[in-house]
Amino acid sequence: MRRTAALLPAVTVALLLTACGAERAGTQDGGSGASGSAPRTAVSQPAVDGVRITSVTIPSPSPSPSGSPGAGGGMVRAEPLPTALQAGSGVSADYEVANSTAAALTYTVLFVFTSDDGGAMSNRKVTVGPVGPGRTVRETVRPEPLPPGAPSVTGVKVAEVTSVPAIEAPAEADACPPSGIRVTADDGDAAMGLRVVGLFLENCGDRDYTLKGYPRLTLLDDDHQPVDGVTIVHGGGGIATVTAFDDPPRTVTLAPGERARSGLMWRNTTGSGTAVGVPYVRVLARPDAAPVMITPHLDLGTTGKLAVSAWRAAAQPQGIRATASP
C-alpha cells in the first residue's frame with residue numbers, strides 16, 4: 001500500500017434550504033427537517049490506498065425567517081449550530097478499509113474534518129487492523145472537540161494512509177508483543193532543513209533486555225521494497241551536531257518497564273539528481289530482534305545520507321532506572 005501524495009477534496013454535505021425547513025441532500029433517511037437533526041449522507045469517493053469514506057453524519061442547522069421576503073413572504077437563512085454541535089457532537093464519518101493484498105496489514109489513516117471554506121478543523125489519526133488478506137473492515141471516526149465559536153464542521157477527507165505488515169506493526173501502548181519489547185517512533189522535529197526522529201524501545205516483558213550498538217535499518221518504498229542509493233551512517237556523520245548523537249555505543253540493560261532511545265537524522269537538501277523519499281523503515285533493535293516497521297516519511301532530498309545514533313538509556317518513570325556500562 002502507498003500513502004496518498006495529495007489530499008482528496010472534502011466530502012461536503014449540501015443543505016437544501018426552503019421556506020418550510022431544511023433538508024440534507026442525498027441522505028439515506030430522507031433528511032428530516034427537524035432542528036439539530038443528524039441524517040447520514042451516503043457519499044461516493046474513490047478509495048485512497050484501500051480506505052474509502054462511505055457516509056457522513058453532520059447535524060443540520062436550523063433555518064429561520066429573517067431579512068427580506070422570500071417564498072411565502074419570508075427569507076430563509078441557516079442559523080449557527082448550537083455550541084454542543086460546534087464542539088463536534090454528532091459529527092462522524094463511516095469508512096471502510098479493504099485489503100486487496102495477500103498478507104494481513106495494519107493501517108494508519110489520517111482523517112481531516114473541514115469547514116465550509118475547506119480549512120482543517122480537526123485531524124484524527126486512527127489505527128485499523130490487522131485486516132486480513134481480501135478482507136474489508138468498516139469503522140466510524142469522529143472529530144476532536146472544537147472550541148466554542150469555531151466554524152462548523154461540514155466535510156471530511158482522507159489525508160494520508162500508511163500500511164505495514166501486521167506482524168511488523170508497532171505495538172499499541174497497552175499491548176506487549178511476544179518479543180517482550182515495544183519499538184516506536186515519535187513525530188520528529190524539523191528546523192532549517194534538518195530532521196530528527198526519535199526511536200524508542202520499551203521492555204514490556206518480564207525479563208531484562210540488553211542492547212549494545214545501533215539499531216539495524218532497512219529503508220523501504222511505498223511497496224515495502226528496499227530503497228537503493230542511501231548510505232546509513234553511525235553517529236552524526238557530519239550532517240549536524242546534535243546532543244548525544246555522536247555518543248559511542250554502550251551496553252544498556254533494561255529491566256522490565258525501562259526504556260532506551262536512538263534517533264534518525266537527515267537533511268532534506270535538494271540539489272542535482274532525483275530527490276529520495278522513504279515512507280517506511282524496518283527496524284531491528286538488535287540482530288536477533290523481531291522486525292518492526294515504522295513510518296517516518298524520510299524526505300532525504302538528494303543528500304543520499306541518513307544518520308542513526310546508538311541506543312542509550314532513555315528517561316524513565318520515577319523510581320525506574322536503566323543500567324548502562326561501557
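In this chain, numbering begins with 1 at the start of the sequence shown. Atom set for the values below is all heavy atoms of this structure, side chains included, hydrogens, waters and symmetry mates excluded. These figures come from a predicted structure and were not determined experimentally.
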**OP:** Could you list the residues that satisfy side-chain contact (heavy atoms from CB on, under 4.5 Å) with Asn123, not counting sequence neighbours?
**Re:** Leu110, Val112, Ala120
Original post:
Measuring from Lys212:NZ to Arg250:CZ, what's the distance to the nearest 0.5 Å?
Top reply: 10.0 Å
**OP:** May I ask you to test the Val197-Asp186 pair for a side-chain heavy-atom distance under 4.5 Å?
**Re:** yes
Original post:
Ignoring hydrogens and geometry, is there a side-chain-to-backbone donor-acceptor pair from Tyr280 to Ser163 under 3.5 Å?
Top reply: yes
Original post:
What's the shortest heavy-atom distance between Val156 and Ala93, and which atoms?
Top reply: CG1-CB, 3.8 Å
Subject >> From OG1 (Thr101) to NE2 (His224), nearest 0.5 Å >> reply: 9.0 Å
Original post:
Can you list the residues that meet the side-chain hydrogen bond (donor to acceptor under 3.5 Å, both in side chains) rule with Asp117, with sequence neighbours excluded?
Top reply: Ser115
Subject >> Derivation of the side chain to side chain contact (heavy atoms under 4.5 Å, CB included) call for Val164 and Thr295 >> reply: CA-CA 9 Å; Val164 302; Thr295 56; 4.1 Å; yes
Original post:
Considering only heavy atoms from C-beta outward, does the side chain of His297 approach that of Asp299 to under 4.5 Å?
Top reply: no
**OP:** State, to 0.1 Å, how close Leu199 and Ala185 come at their nearest heavy-atom pair, and which atoms those are.
**Re:** CD2-CB, 4.0 Å
Original post:
side chain to side chain contact (heavy atoms under 4.5 Å, CB included) between Thr106 and Val131: does it pass, once the steps are laid out?
Top reply: CA-CA 6 Å; Thr106 295; Val131 181; over 6 Å; no
**OP:** Start with the C-alpha distance between Glu202 and Thr184, add both sets of side-chain angles, then the distance that settles side chain to side chain contact (heavy atoms under 4.5 Å, CB included), and finish with yes or no.
**Re:** CA-CA 9 Å; Glu202 179 184 354; Thr184 57; over 6 Å; no
Subject >> Thr154 side chain to Asp116 backbone, donor-acceptor under 3.5 Å >> reply: yes
**OP:** Answer whether the closest heavy-atom distance between the side chains of Val283 and Leu217 falls below 4.5 Å.
**Re:** yes
Subject >> Asp288: salt bridge (charged side-chain N to carboxylate O under 4.0 Å, His left out) partners, not counting sequence neighbours >> reply: Arg286
Subject >> Residue pair Leu298 / Leu219, side-chain heavy-atom distance below 4.5 Å >> reply: yes
Would you tabulate the side-chain donor-acceptor contacts of residues 307-315 under 3.5 Å, counting partners in other chains and residues two or more places apart, or write 'none'?
residue, atom, partner, partner atom, Å
Ser309, OG, Gly263, N, 2.9
Trp311, NE1, Ala285, O, 2.9

**OP:** Indicate the atoms forming the closest heavy-atom contact of Phe200 with Arg259, along with that distance.
**Re:** CD2-NH1, 3.7 Å
**OP:** List the steps and the verdict of side chain to side chain contact (heavy atoms under 4.5 Å, CB included) for Leu201 and Leu254.
**Re:** CA-CA 10 Å; Leu201 182 150; Leu254 304 175; 3.5 Å; yes
**OP:** Not counting sequence neighbours, which residues clear ring pair (Phe, Tyr, Trp, His ring centres under 6.0 Å) with Tyr95? List them please.
**Re:** Phe111
Anything under 3.5 Å between a donor and an acceptor, one on a side chain of residues 231-248, the other on a protein residue two or more places apart or in another chain? List them.
residue, atom, partner, partner atom, Å
Asp246, OD1, Gly236, N, 2.7

Subject >> Evaluation steps, side chain to side chain donor-acceptor pair (under 3.5 Å), between Asp94 and Ser55 >> reply: CA-CA 5 Å; Asp94 296 332; Ser55 67; 2.9 Å; yes
**OP:** Compare every heavy atom of Arg182 with every heavy atom of Glu172, then report the nearest pair and how far apart it is.
**Re:** O-NE, 3.1 Å
Subject >> For Tyr214, all residues meeting side-chain hydrogen bond (donor to acceptor under 3.5 Å, both in side chains), sequence neighbours excluded >> reply: none
Original post:
Between Gly205 and Asn203, what is the shortest heavy-atom contact and its length?
Top reply: N-OD1, 3.0 Å
Original post:
Taking atom OG1 of Thr302 and atom CG of Asn268, what is their separation to the nearest 0.5 Å?
Top reply: 9.5 Å
Subject >> Atom of Gly198, atom of Arg261 and distance for their closest heavy-atom approach >> reply: CA-NH2, 4.0 Å
Original post:
Same cluster or not: are Ile294 and Ile167 linked, directly or through other Ile, Leu, Val, Met, Phe, Trp or Tyr residues, by side-chain heavy atoms under 4.5 angstrom apart?
Top reply: no
Original post:
In chain order, what residues pass the side-chain hydrogen bond (donor to acceptor under 3.5 Å, both in side chains) check against Thr210, with sequence neighbours excluded?
Top reply: Thr253
Original post:
Excluding sequence neighbours, so at least two apart, what forms side-chain hydrogen bond (donor to acceptor under 3.5 Å, both in side chains) with Arg52?
Top reply: Glu96
Subject >> Set of salt bridge (charged side-chain N to carboxylate O under 4.0 Å, His left out) partners for Arg135, sequence neighbours left out >> reply: none
Original post:
Is the backbone N or O of Ser92 less than 3.5 Å from a side-chain atom of Thr57, with the two atoms forming a donor-acceptor pair by type?
Top reply: no
Original post:
salt bridge (charged side-chain N to carboxylate O under 4.0 Å, His left out) with Arg282: which residues, sequence neighbours excluded?
Top reply: Glu168
Original post:
For Leu284, does the CG atom have more than 12 heavy-atom neighbours from other residues, nucleotides or ligands under 6.0 Å away?
Top reply: yes
Subject >> Spacing of Glu258 atom CD and Tyr209 atom OH [to the nearest 0.5 Å] >> reply: 14.5 Å
Original post:
Residues in salt bridge (charged side-chain N to carboxylate O under 4.0 Å, His left out) with Arg216, at least two apart?
Top reply: none
